[in-house]
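Attaching a single structure in structure tokens format; questions to follow.
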Amino acid sequence: MTSNDKPKDGSEEPRPASPRGRQASRQAPQPVESRPRRYMVAALPQPHPAAPGAAAPALDGDTVRRLLEDDPEVRVLRRLRGTAGNPGAQAPGFPAVVVAEMTAEHAEALRRQYPQLYFERDRLLTYSDVPQPPRRRRPAPAVVPPGVESTFAFLIRDADGTPLPGASVLVTGHGWPAQTSTGADGRAVVTMVGETPESITGVTVRPRSGYWSVHIDRPALSTTRDNLIEPMRLSETFSGFPGKQVFGWGQQAMNLDRLPPTLRGAGVRIAIIDSGADVRHPDLRDRVRAGVDLVGGEPDGWSVDAAYHGSHCAAVVSGADDGRGVVGFAVEAEVHACKIFPGGRFSDLIEALDYCVEQRIDVVNLSLASRHHSPLVAAKIEQAREAGVACVVAAGNDGGPVGFPGILPGVLTVAAVGKVDAFPPGTAHEAEIRGPMTGDGYFSPRFTCHGPEIDVCAPGVAVLSAVPPDGYAALDGTSMAAPHVAGLAALVLAHHGDFRGPYSGRDARRVDHLFHIIRSSCVPLNLGDLHRTGAGMPNALRALAPALAQITPEPVEADTLLGQLTAEMTGAGLLVPAVWGPGGESGHTGQGGQAGPGAQSGMPPQAAYGASTTANGPVPGGLVTGGRRGRATATGGGVPPADQGGAPGGAGTRGKRGGTAAARPYATGPGAAGRASGGPAGDVPGGPRTANGTPAGGTGPAGGEQAAMAWLTDEMRAAGLLGEDPADPVE
């Protein structure tokens, strides 16, 4: 009995498995037999189909369980309780399900004997990440004598000679691939039957954390010495990482880094149904606060992640904004971890979704897939949708049609895209590049599943995130793309006004409207096939535009603002430093190189944040480094342009989201919408002037801002940076 086979309702005690018993079992060999199959068995709702000429009595969950427990050819594992339908919902209640093992022949016999029972295979689910580069199609190789075998020894270490234990080494040839992992000394040995050094087509090395992967096509391997491979540290690409916090390239592409720091997802609950989330990690320690272990049944088992997969997804969604490592989308959302891997099955997914409904989860990230359809899982997902639970699902990674449950209409299905300058050459990520490509370097990777069911696409190649116990790794997969969208969905639910008004109820309308907003925010990617990208890549600025319209800069005293502008113009060579005599009129000394407001007065905030945004994202590649989100300072003083680092092909020099508290003094309130939509503050460039043509000072903070902006306009026009004002009369 594996750990995933444990009864979960106490109906059956697990068999004792002492070390001595296991050793005795190994010493006494037994014939290998086929495993029994696992089934989910439920009573069909009434009216149920009866056998011709026979009346089949109605059955309930307790009766089904007793019937199967009394059958000597059936082993009952656990029971999933039934749930009633949501009031006013179209979806019916969910039946009680008995999970049991039996042979396929016996299951068919029970089907015939009890036509009022429903039998469904309880199949295994798979992660939606990419364990190895896809094998390219090639002509059939020459036949290699079966007695031939080659042994290859690998030494995996970094450039400083430090061995890398636990690194995965995959060797592919004309036959079956071989995979192993390195020991404490960084060494690994692979023996391949039917292969020679010349028939090996590729070697891929994936360190556990801290390093980029390595992929070598047609490697020149030796069978007589160690084959040395030296992966590159992540810190060689991202200076100061992980001591310095970075935004992922995907977060930049979706404009997360251009949102103000007030939008952080507070009040929303997110569930990661995966392999758990290791709360020892600094980016997850105070972020993942609750969960359930459906693998081992341990009270805190959800906080342990042996597969690394769930932790990686959780940090993309909500990694801590603590000034180091990575940062997530919804850093103040409440995150739950539902552990179903390793060994996750359809029945585990059903039980995890029950937990989500009970805990009033808002968004569920499902980075998993199957090649088989499950009517019971489909019914549970629809019941969750009717309860207001939004499921964001990875499309799958075998390069074929979209997997289940991504094919269901009630979920948001996410494909993966990559960007060529987001990773160094020679990595396994490079092996996923597939044409065509946009001018900014976006591509649809080979692994991503595709089809008409794809709703949106999101970054899923070389995604940097947290892995246990305290490291970081860049992984590929639609598993990595789905958390980007789940995190954005949490921000929309937390801050979009529609979910505090007409769509505040926990029902299917709420979920459908959320998905509509995300699809409507997408920027299309022209990669030659809409079935690989759907509506395109979601854009955080577009999705949260109504929330941004409620945010305006706080008033700034005219003296302070003009001093900052004067210093900036002087530093740019547009003004000659003035010598002020005693009693001078200005009083603006040009001092104070502190960064000014990020959004200019009179400009709608979304225009400031979204300036120079292109169809394929604002930042060319790599990661933006800096301090804590909303606290990075602008260098050199002065006012940073709203679109700094935003043009495609530019140098992503923008600091962390929101700037410093002094540089971006955001305020929300009843008057914010009026300021954003226009009005006096929006009429500054052609604003009031004195009789001699100088800007009128106005009264109060608004008047000071008008004067400052009008002055700046005149100075830039005098310097030839602006054309003549069309509103001025022609002399």
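None of these values were measured; they are calculated from a predicted model. All residue numbers refer to positions in the sequence shown, counting from 1.
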Can you tell me if Thr182 uses its side chain to pair, donor with acceptor, with the backbone of Gly166 under 3.5 Å?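 Yes: the side chain of Thr182 pairs with the backbone of Gly166.
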Enumerate the ring pair (Phe, Tyr, Trp, His ring centres under 6.0 Å) contacts for residues 454-489, please, sequence neighbours excluded, ordered by first and then second residue.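 Checked against ring pair (Phe, Tyr, Trp, His ring centres under 6.0 Å) - neighbours excluded - the pairs reaching residues 454-489 are Phe241-Tyr472, His281-Tyr472, Phe329-His484.
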Ser367 (side chain) donor-acceptor with Ser479 (main chain) under 3.5 angstrom: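 Side chain of Ser367 to backbone of Ser479: a pair is present.
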Are any non-hydrogen side-chain atoms of His429 and Asp476 less than 4.5 angstrom apart?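 His429 vs Asp476: side chains touch.
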Heavy-atom pair with the smallest gap, counting every atom of Gly301 and Asp293: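 Minimum heavy-atom separation between Gly301 and Asp293: CA-OD2, 3.5 Å.
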Side-chain donor/acceptor of Arg345 to backbone N/O of Ile340, under 3.5 Å: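 No.
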Which distance, rounded to the nearest 0.5 Å, do you find between the NE2 of His336 and the CZ of Arg269?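 Spacing of NE2 (His336) from CZ (Arg269) equals 5.0 Å.
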More than 12 heavy atoms of other groups within 6.0 Å of Arg289 CZ: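 For Arg289, atom CZ is crowded (more than 12 foreign heavy atoms under 6.0 Å).
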Between CG of Leu366 and CZ of Phe404, what distance do you get to the nearest 0.5 Å?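 Answer rounded to 0.5 Å: 10.0 Å.
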Decide yes or no for Phe152 and Val169: does some side-chain heavy atom of the first lie under 4.5 Å from some side-chain heavy atom of the second?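 SC-SC contact between Phe152 and Val169 ruled out.
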Apply side-chain hydrogen bond (donor to acceptor under 3.5 Å, both in side chains) to Thr237 and list each qualifying residue two or more places apart in sequence or on a separate chain.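 Counting only residues at least two positions away or on another chain, Thr237 forms a side-chain hydrogen bond (donor to acceptor under 3.5 Å, both in side chains) with Trp212.
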Salt bridge (Lys or Arg N to Asp or Glu O under 4.0 Å) partners of Asp398, counting only residues at least two apart: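 With neighbours one apart ignored, the set is Arg371.
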Check the pair Ile350, Val377 against side chain to side chain contact (heavy atoms under 4.5 Å, CB included), reporting the backbone distance first and the verdict last. CA-CA 6 Å; Ile350 290 172; Val377 172; 3.9 Å; yes
So, Asp226 side chain and Leu228 main chain: donor-acceptor pair closer than 3.5 Å or not?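 It does not hold such a pair.
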Answer yes if the side chains of Thr427 and Ser213 hold a donor-acceptor pair under 3.5 Å, and no otherwise.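 On atom types as modelled, these side chains do not qualify, holding no pair under 3.5 Å.
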Heavy-atom donor-acceptor pair, Gln251 side chain to Val327 backbone, under 3.5 Å: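 Yes; at least one donor-acceptor contact below 3.5 Å.
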Does Gln359 form a side chain to side chain contact (heavy atoms under 4.5 Å, CB included) with Val292? I'd like the steps, not just the answer. CA-CA 11 Å; Gln359 297 295 321; Val292 60; over 6 Å; no
Ignoring hydrogens and angles, tell me if any N or O in the side chain of Asn255 forms a donor-acceptor pair with the backbone of Leu541 under 3.5 Å.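 Not at all, since once roles are kept as given, no pair shorter than 3.5 Å links the two residues.
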Would you kindly say whether Thr201 and Thr172 are connected by a side-chain donor-acceptor distance under 3.5 Å?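 A pair is found: one side chain offers a donor N or O, the other an acceptor, under 3.5 Å apart.
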Checking the side chain of Gln245 only, and the main-chain atoms of Asp322 only, is there a donor and an acceptor separated by less than 3.5 Å?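 Indeed, once roles are kept as given, a pair shorter than 3.5 Å links the two residues.
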Closest contact, heavy atoms only, Pro538 versus Leu488: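 Distance-wise, the nearest heavy atoms are CB-CD2, 3.6 Å.
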If we only count heavy atoms from C-beta on, is the Leu475 to Val463 side-chain gap below 4.5 Å?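 They are not in side-chain contact.
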Could you go through Val288 and Trp302, starting from their C-alpha distance and side-chain angles, then the distance that decides it, and tell me whether this counts as side chain to side chain contact (heavy atoms under 4.5 Å, CB included)? CA-CA 10 Å; Val288 186; Trp302 54 268; 3.8 Å; yes
Is the backbone N or O of Tyr308 less than 3.5 Å from a side-chain atom of Ser311, with the two atoms forming a donor-acceptor pair by type?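 Not at all, since once roles are kept as given, no pair shorter than 3.5 Å links the two residues.
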Where do Cys457 and Leu525 come nearest, in terms of heavy atoms and distance?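 Heavy-atom minimum between the residues: SG-CD1, 3.9 Å.
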Does a side-chain heavy-atom distance below 4.5 Å link Asp160 with Arg233?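 Contact flag for Asp160/Arg233 side chains = yes.
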Residues two or more places apart in sequence or in another chain: which of them pass side-chain hydrogen bond (donor to acceptor under 3.5 Å, both in side chains) with Thr162?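 Here no residue qualifies.
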Could you label the plane-to-plane angle of the Tyr442 and Trp249 rings as parallel, tilted or perpendicular, counting under 30° as parallel and over 60° as perpendicular?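 Correct class here is tilted.
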Under a 4.5 Å cut-off applied to non-hydrogen side-chain atoms, are Thr438 and Leu527 in contact?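 Yes - at least one pair of side-chain heavy atoms lies under 4.5 Å apart.
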Can you name the salt bridge (Lys or Arg N to Asp or Glu O under 4.0 Å) partners of Asp362, sequence neighbours left out?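 With neighbours one apart ignored, the set is Arg506, Arg510.
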Would you confirm whether Arg446, through its side chain, and Gly399, through its main-chain N or O, come within 3.5 Å as a donor-acceptor pair?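 Side chain of Arg446 to backbone of Gly399: no pair is present.
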Does the side chain of Ser275 reach to within under 4.5 Å of the side chain of Tyr127, using non-hydrogen atoms?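 Heavy-atom side-chain distance check passes, below 4.5 Å.
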Kindly determine whether Val492 and Leu544 satisfy side chain to side chain contact (heavy atoms under 4.5 Å, CB included), including the steps that lead there. CA-CA 6 Å; Val492 173; Leu544 292 163; 4.2 Å; yes
Looking at CG of Asp455 and CG of Leu412, how far apart are the two atoms once the value is rounded to the nearest 0.5 Å?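 It is 4.5 Å, given to the nearest 0.5 Å.
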What pairs with Pro165 under side-chain contact (heavy atoms from CB on, under 4.5 Å), at least two apart in sequence or on another chain?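 Here no residue qualifies.
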Donor-acceptor contact present, side-chain Lys339 to main-chain Val304, <3.5 Å: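 Indeed, once roles are kept as given, a pair shorter than 3.5 Å links the two residues.
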Is Arg187 close to Arg157 at the side-chain level, that is, under 4.5 Å between some pair of heavy atoms?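 They are not in side-chain contact.
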From Leu221 CG over to Ile229 CD1, what is the distance, rounded to the nearest 0.5 angstrom?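 If we round to the nearest 0.5 Å, Leu221:CG and Ile229:CD1 are 7.5 Å apart.
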Is any side-chain heavy atom of Ile273 less than 4.5 Å from a side-chain heavy atom of Leu353?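 When only atoms from C-beta onward are counted, Leu353 and Ile273 do touch, with a gap below 4.5 Å.
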Reported CD-to-CZ distance for the pair Glu332 and Arg287, which is rounded to 0.5 angstrom: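 With rounding to 0.5 Å, CD (Glu332) is 7.5 Å from CZ (Arg287).
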If you look at every heavy atom in Pro445 and Ala416, which pair is closest and at what distance?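 Minimum heavy-atom contact is CD-O, 3.1 Å.
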Of the non-hydrogen atoms in Ala277 and Asp305, which two are nearest, and what is the gap between them?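 Shortest heavy-atom contact: N-CB, 4.1 Å.
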For the residue pair Ser521 and Ala543, what are the closest heavy atoms and their distance?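 Minimum heavy-atom separation between Ser521 and Ala543: CB-N, 3.6 Å.
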How long is the straight-line distance from CD of Glu230 back to CG of Leu164, given to the nearest 0.5 Å?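 These two atoms lie 9.5 Å from each other.
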